[in-house]
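Everything numeric here is computed off the predicted structure, so don't read it as measured data.
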Amino acid sequence: MATASDVKRALRVRADGVTATNLARFFQTEPGGYGEGDRFLGLRVPQVRSVAERYSDLSNTQIRALMRSRFHEDRFCALAILTSRFQKPDADRAGLWRLYLELLDEGGINNWDLVDATAPHLGQFLVSEKNPMTTIRSLIKSRDLWHQRVGVMVTWAFIKKGDLEPTFTVCEYLIDHPHALIHKASGWMLREAGKRNIGALREFLELHHREMPRSMLRYAIEKMAPAERARWRVNDDHP
């Protein structure tokens, strides 16, 4: 049976110091950055996913152990294994969702790439829940940036099912959020909602475009024709 140590050894064979330095800079690990203190081995995502596929049978206990690593790629690999398992037809989705939330609470899911590679997929569990907004509201009302981003990104699963209301509810709640990573995620989900129903996105913009942070608005209208983008961009001097 594979262990977290086996996965770590497989990742470290591919480690590269120059890439690690570049990744640390890209993910803003400097003091005061959103990724402050995170450490990198220096692997690209396809390399990490290759290792995840090799150790796809890693137990939940060993996934937990891997998630305790201080190195970003170890945690990405653990989450890739968890997410892949979640997507299998016979998966214990409820159990894996609980594990995911526990890992989030423990602080191992601590950057936007870790959220974005997981939450849209695991959000499928909430789609079948009776009161999914209870969970989503608890996420977006958290004081933790990564809980909040998960709360935004899980709504993609609802968009794919044609239910846009969770996205609009979340984005409206977070419209005054101070962090750019929430602005961008919210705008991204609004754009995806607009692909499903452009009229619904326009209704949301009619109500909120003047108060939306600039990056949220720009992401939301990115796929519109230039003339329509110009119509909505009345707040380009907004932060």
Side-chain angles (χ1 to χ4, degrees), residues 28 34-35 97 100-101 104-105 107 109-239:
Q28 299 189 25
Y34 60 73
W97 172 254
Y100 181 70
L101 291 183
L104 181 63
D105 289 343
I109 304 172
N110 63 348
N111 218 310
W112 58 263
D113 64 321
L114 302 180
V115 172
D116 296 359
T118 55
H121 303 290
L122 274 75
Q124 294 172 31
F125 172 74
L126 294 177
V127 171
S128 61
E129 287 290 276
K130 186 176 181 180
N131 297 303
M133 287 306 300
T134 300
T135 300
I136 294 173
R137 286 192 179 96
S138 72
L139 288 165
I140 62 174
K141 291 182 179 181
S142 169
R143 295 184 178 182
D144 177 65
L145 176 67
W146 308 118
H147 283 71
Q148 293 169 334
R149 183 149 176 138
V150 167
V152 178
M153 296 304 298
V154 293
T155 70
W156 202 347
F158 291 84
I159 294 171
K160 290 177 180 177
K161 295 292 185 179
D163 182 2
L164 310 184
E165 194 58 35
T167 297
F168 291 132
T169 299
V170 165
C171 292
E172 183 177 42
Y173 180 83
L174 293 171
I175 206 163
D176 294 321
H177 196 282
H179 205 289
L181 287 177
I182 297 300
H183 303 166
K184 292 175 181 178
S186 298
W188 178 9
M189 291 303 98
L190 289 171
R191 184 180 71 220
E192 294 302 317
K195 291 178 182 178
R196 287 281 182 158
N197 188 331
I198 189 62
L201 174 57
R202 286 171 177 149
E203 288 178 11
F204 183 90
L205 293 174
E206 286 285 1
L207 291 172
H208 300 296
H209 72 282
R210 294 184 183 277
E211 59 184 320
M212 289 170 67
R214 180 168 52 193
S215 57
M216 183 189 295
L217 178 63
R218 287 186 172 179
Y219 271 62
I221 65 177
E222 185 178 22
K223 297 301 182 180
M224 293 179 174
E228 184 166 11
R229 290 202 305 270
R231 172 195 169 194
W232 296 117
R233 287 173 58 178
V234 298
N235 67 337
D236 258 7
D237 58 344
H238 194 285

Using the ring of each side chain (for Trp, its six-membered ring), is His209 parallel, tilted or perpendicular to Trp232, with breaks at 30° and 60°?
perpendicular
First locate atom CD1 of Ile198, then atom CZ of Arg196, and finally report the distance between them rounded to the nearest 0.5 Å.
14.0 Å
Test item: Trp146 and Leu181 side chains (from C-beta on) under 4.5 Å apart, heavy atoms
yes
Are any of the side-chain heavy atoms of Glu165 and Phe158 separated by less than 4.5 Å?
no
With side chain to side chain contact (heavy atoms under 4.5 Å, CB included) as the test, would you mind laying out the steps for His208 and Ile175 before giving the verdict?
CA-CA 8 Å; His208 300 296; Ile175 206 163; 3.6 Å; yes
For a quick test of reading the model, state the closest non-hydrogen atom pair linking Leu126 to Pro132 and the distance between them.
O-CB, 3.3 Å
Just by distance, do the side chain of Ser128 and the backbone of Phe125 share a donor-acceptor pair under 3.5 Å?
yes
Distance-minimising heavy-atom pair for Arg137 and Thr169:
NH2-CG2, 4.3 Å
Measure from NZ or CZ of Lys160 to the centre of the six-membered ring of Trp156 and say whether it is under 6.0 Å with the direction within 45° of the ring axis.
yes
To the nearest 0.5 Å, what is the distance between CD1 on Ile221 and CE on Met216?
13.0 Å
Check whether any side-chain heavy atom of Met212 lies under 4.5 Å from a side-chain heavy atom of Leu205, and answer yes or no.
yes
Note, Pro120 side chain near Thr155 side chain (heavy atom, < 4.5 Å)
no
For the atom pair CG (Leu164) and CG (Leu201), what is the distance rounded to the nearest 0.5 Å?
9.5 Å
Applying side chain to side chain contact (heavy atoms under 4.5 Å, CB included) to Val154 and Thr135, what does each step give before you reach the verdict?
CA-CA 10 Å; Val154 293; Thr135 300; over 6 Å; no
Enter the distance from Ile140:CD1 to Ile182:CD1 here, rounded to the nearest 0.5 Å.
9.5 Å
What is the minimum heavy-atom distance between Gln148 and Ser142, and which atoms define it?
NE2-O, 2.7 Å
Return yes when atom OH of Tyr219 has more than 12 non-hydrogen atoms of other residues, nucleotides or ligands closer than 6.0 Å, and no otherwise.
no
Min side-chain heavy-atom separation Lys161-Gln124 under 4.5 Å
no
Distance col, row Arg218:CZ vs Lys184:NZ, nearest 0.5 angstrom, shows 11.5 Å
What heavy-atom pair brings Tyr34 and His179 nearest, and what distance separates the two atoms?
CB-NE2, 4.0 Å
Show the nearest heavy-atom pair for residues Ala220 and Leu190, with the distance to one decimal.
CB-CB, 3.8 Å
Check: Thr134 main-chain N/O paired with Asn131 side-chain donor or acceptor under 3.5 Å
no
So do the side chains of Thr167 and Phe204 get within less than 4.5 Å of each other, counting heavy atoms only?
no
Shortest non-hydrogen contact between Lys195 and Lys223, atoms and distance
CE-CG, 4.4 Å
Check whether any side-chain heavy atom of Leu145 lies under 4.5 Å from a side-chain heavy atom of His177, and answer yes or no.
yes
Does any part of the side chain of Glu228, heavy atoms only, come nearer than 4.5 Å to the side chain of Arg202, both counted from C-beta?
yes
Rounding to 0.5 Å, atoms CG (Leu217) and CZ (Arg191) come to a distance of 12.5 Å
Can you name the one residue among Val115, Leu114, Asn110, Asp116 that meets side-chain contact (heavy atoms from CB on, under 4.5 Å) with Trp112?
Asp116
